[in-house]
*Asks:* 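Below is a structure I'd like to ask you about.
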Amino acid sequence: MDFDLTEEQRLLKDSVDGLLTDSYDFESRKKYMNEKGGWSKAVWGKLAEQGLLGLPFAEADGGFGGGGVETMIVMEALGKALVLEPYLATVVIGGGFLRHGGSDAQKAAHLPGIIDGSRTLAFAQLEKNSRYDLFDVATSAKKKGSGWVIDGEKFVVLNGENADTLVVTARTKGDRRDKTGIGAFLVPAGAKGVTKKSYPTQDGLHAADITLTGVEVGADAAIGNPEDSLALIERVVDEARVALCAEAVGLMDESLKTTVEYIKTRKQFGVAIGTFQSLQHRASDMFVAAEQARSMSMFATMASDFEDAHERSNAIAAAKVQIGKSLKFVGQQSIQLHGGIGMTMEAKIGHYFKRLTMIENTFGDTEYHQRRVADAGGLI
């Protein structure tokens, strides 16, 4: 495969790297964490001005018609800068539901706001005891006239505190773990019956536990077939996993760079510790792990366009396994080579490790995806 970027893709990379270099140093990030919802509206506006929020959407819908590679480029850059803004929740996941399953009316109602930065979304999927199984849904959606009444609880909803619209998975028929009878619904975050409990997560982002009690939505709230949307949900989550793989690569790149810079300047016994051969070997091993992750991130990006759902999900699961192994190694080595200072809130390397750890556990940890690959007949 040819993994060289096109001229347009190189310009995109330079553009987003330049924007984040100017707007997102570590001290600025600390300030953004204290804003309402835990991220900067000003930075979000800059992302919109550069067209990054409209990147994956069709030109007919007001976007730029970008594909998986363009999203990979942006997510790597967001990872390197430890960006807090809800690009994954809004553009990749929320936008993914609209791109793959939304009606023309739904796209017209939501995409302009996403693209210009005035609207953010959140994916309300995780439930108590559901673990990583997307089909494990107890939240119910019952018919009422032409519309629906939704009842249930969702947990750890990223950007749930600030989102204007929630994408809620709910069961329209069947038992809790049936793979049919699952729908995805667009629910206004301020709708009557929606309550939120917000909190910061370990990596500095914000999430919310959301309770839906008798929330009434119209027939136009259902994305696609409300009785058979699991395939749509799986496809969008697969794309989110691919985006997380790219973000992890950016985080690993910056972790390695920061660690190498540190061991070149940190002195012990009168010399820089980077001159010790054992530490050089560890840094080399970190580089190899990061490059393995990069290769699998590229593979996952290509696989996200596979039409065969089984082939696509198996390839992305394999990528998530390698990413999980690499990020754990790179993150742990980064902390160890920094020593005690790596455990302090003042040192940015610890924040990179926290985000890497959260990525490893989002939409399936390494062990979960290893089982998926093994069940599919693959080898890890």
Side-chain angles (χ1 to χ4, degrees), residues 13-14 16-34 38 75-84 200-205 244-298 319-362 365-367:
K13 185 178 186 305
D14 292 342
V16 66
D17 285 345
L19 169 63
L20 295 176
T21 297
D22 293 338
S23 305
Y24 233 95
D25 60 78
F26 186 57
E27 293 304 313
S28 296
R29 182 180 187 268
K30 292 180 182 178
K31 297 177 183 177
Y32 302 153
M33 289 175 67
N34 294 321
M75 290 302 297
E76 278 193 28
L78 298 181
K80 286 182 180 180
L82 267 181
V83 166
L84 300 162
T201 53
Q202 288 295 320
D203 52 357
L205 302 184
L244 286 168
C245 286
E247 183 185 355
V249 169
L251 287 157
M252 282 184 270
D253 275 349
E254 195 63 23
S255 296
L256 176 59
K257 175 184 174 183
T258 301
T259 301
V260 170
E261 289 175 350
Y262 179 77
I263 65 175
K264 283 182 177 179
T265 56
R266 173 72 167 90
K267 290 188 176 181
Q268 196 171 43
F269 308 116
V271 296
I273 62 175
T275 61
F276 302 154
Q277 192 175 59
S278 61
L279 301 193
Q280 293 174 3
H281 288 169
R282 290 171 72 173
S284 297
D285 289 341
M286 289 171 64
F287 174 79
V288 170
E291 288 303 301
Q292 288 175 324
R294 187 188 312 281
S295 296
M296 289 303 286
S297 174
M298 291 177 176
K320 193 73 161 56
V321 171
Q322 181 58 59
I323 295 290
K325 291 178 178 179
S326 291
L327 68 81
K328 184 175 183 179
F329 179 80
V330 171
Q332 289 179 343
Q333 293 297 312
S334 296
I335 297 296
Q336 289 179 16
L337 289 174
H338 272 78
I341 195 170
M343 300 295 293
T344 64
M345 292 297 290
E346 290 74 21
K348 69 177 183 179
I349 194 63
H351 296 266
Y352 279 93
F353 187 34
K354 287 181 179 181
R355 180 59 188 152
L356 285 168
T357 301
M358 291 295 283
I359 286 176
E360 199 266 336
N361 287 280
T362 302
D365 60 15
T366 303
E367 182 179 347

*Asks:* Please name the pair of heavy atoms, one in Ile263 and one in Ala283, separated by the smallest distance, quoted to 0.1 Å.
*Replies:*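 Closest pair (atom of Ile263, atom of Ala283, distance): CD1-CB, 4.5 Å.
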
*Asks:* List the steps and the verdict of side-chain contact (heavy atoms from CB on, under 4.5 Å) for Lys348 and Thr258.
*Replies:* CA-CA 9 Å; Lys348 69 177 183 179; Thr258 301; 3.5 Å; yes

*Asks:* State whether the side chain of Ser326 and the backbone N or O of Ala290 hold a donor-acceptor pair below 3.5 Å, judged by distance alone.
*Replies:* no

*Asks:* What distance do Gln292 atom CD and Phe287 atom CZ have between them, rounded to the nearest 0.5 Å?
*Replies:*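 The CD atom of Gln292 sits 11.0 Å away from the CZ atom of Phe287.
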
*Asks:* Is it true that Glu291 and Ser295 share a donor-acceptor pair across their side chains at a distance under 3.5 Å?
*Replies:* no

*Asks:* Here's a test for you: under side-chain contact (heavy atoms from CB on, under 4.5 Å), which of Ile323, Ile359, Thr362, Leu356 qualifies with Glu247?
*Replies:* Ile359

*Asks:* For Tyr24 and Leu84, indicate whether the former's side chain and the latter's backbone hold a donor-acceptor pair under 3.5 Å.
*Replies:* yes

*Asks:* After noting the C-alpha distance and the side-chain angles of Lys325 and Val321, does the key distance pass the side-chain contact (heavy atoms from CB on, under 4.5 Å) rule?
*Replies:* CA-CA 6 Å; Lys325 291 178 178 179; Val321 171; 3.8 Å; yes

*Asks:* Write down the atom of Met75, the atom of Ala246, and the distance for their closest heavy-atom approach.
*Replies:*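 Looking at all heavy atoms of both residues, the closest pair is CB-CB, 3.8 Å.
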
*Asks:* Can we say Glu261 and Lys264 salt-bridge, meaning some charged N sits less than 4.0 Å from an Asp/Glu carboxylate O?
*Replies:*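 Looking at Glu261 and Lys264, the cut-off is not met.
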
*Asks:* For Gly324 and Leu327, which heavy atoms make the closest approach, and how far apart are they?
*Replies:*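 Distance-wise, the nearest heavy atoms are O-CG, 3.5 Å.
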
*Asks:* Donor-acceptor check, side chain of Tyr352 to backbone of Lys80, threshold 3.5 angstrom: yes or no?
*Replies:* yes

*Asks:* Start with the C-alpha distance between Glu76 and Arg294, add both sets of side-chain angles, then the distance that settles side-chain contact (heavy atoms from CB on, under 4.5 Å), and finish with yes or no.
*Replies:* CA-CA 10 Å; Glu76 278 193 28; Arg294 187 188 312 281; 3.9 Å; yes

*Asks:* Under a 4.5 Å cut-off applied to non-hydrogen side-chain atoms, are Phe329 and Asp285 in contact?
*Replies:* yes

*Asks:* Between atom OG1 of Thr259 and atom CG of Leu279, what is the distance when rounded to the nearest 0.5 Å?
*Replies:*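 Nearest 0.5 Å value for the OG1-CG distance: 11.0 Å.
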
*Asks:* Are the side chains of His351 and Leu82 in contact, using a 4.5 Å heavy-atom criterion?
*Replies:* yes

*Asks:* Would you say that Met286 contacts Ser334 through its side chain, given a criterion of any heavy-atom pair below 4.5 Å between the two side chains?
*Replies:* yes

*Asks:* Can you name the nearest heavy-atom pair linking Leu20 to Ala77, along with the distance?
*Replies:* CD1-O, 3.5 Å

*Asks:* Within this structure, what is the CD1-NE2 distance for the pair Ile349 and His338, rounded to the nearest 0.5 Å?
*Replies:*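 Interatomic distance, Ile349 CD1 to His338 NE2, rounded to 0.5 Å: 5.0 Å.
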
*Asks:* For the CD atom of Gln336 and the CZ atom of Phe353, what is their distance to the nearest 0.5 Å?
*Replies:*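 It is 9.0 Å, given to the nearest 0.5 Å.
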
*Asks:* Does any non-hydrogen side-chain atom of Lys320 lie less than 4.5 Å from one of Thr366?
*Replies:* no

*Asks:* Return yes if some donor-acceptor pair links the side-chain N/O of Thr344 with the main-chain N/O of Ile341 below 3.5 Å, else return no.
*Replies:* yes

*Asks:* Within the side chain of Asn361, is there an N or O that forms a donor-acceptor pair under 3.5 Å with the backbone of Thr357?
*Replies:* yes

*Asks:* State, yes or no, whether a side-chain contact exists between Met358 and Gln202 at a heavy-atom distance under 4.5 Å.
*Replies:*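 The answer is yes, as the side chains (C-beta and beyond) meet within the 4.5 Å cut-off.
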
*Asks:* Between Val330 and Ser255, which heavy-atom pair has the shortest distance, and what is it?
*Replies:* CG1-CB, 4.2 Å

*Asks:* Is the number of heavy atoms from other residues, nucleotides or ligands under 6.0 Å of Lys257 NZ greater than 12?
*Replies:*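 Result for NZ/Lys257: open.
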
*Asks:* Using a strict cut-off of less than 4.0 Å between a Lys/Arg side-chain nitrogen and an Asp/Glu carboxylate oxygen, indicate whether Arg355 and Asp203 qualify as a salt bridge.
*Replies:*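 Looking at Arg355 and Asp203, the cut-off is met.
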
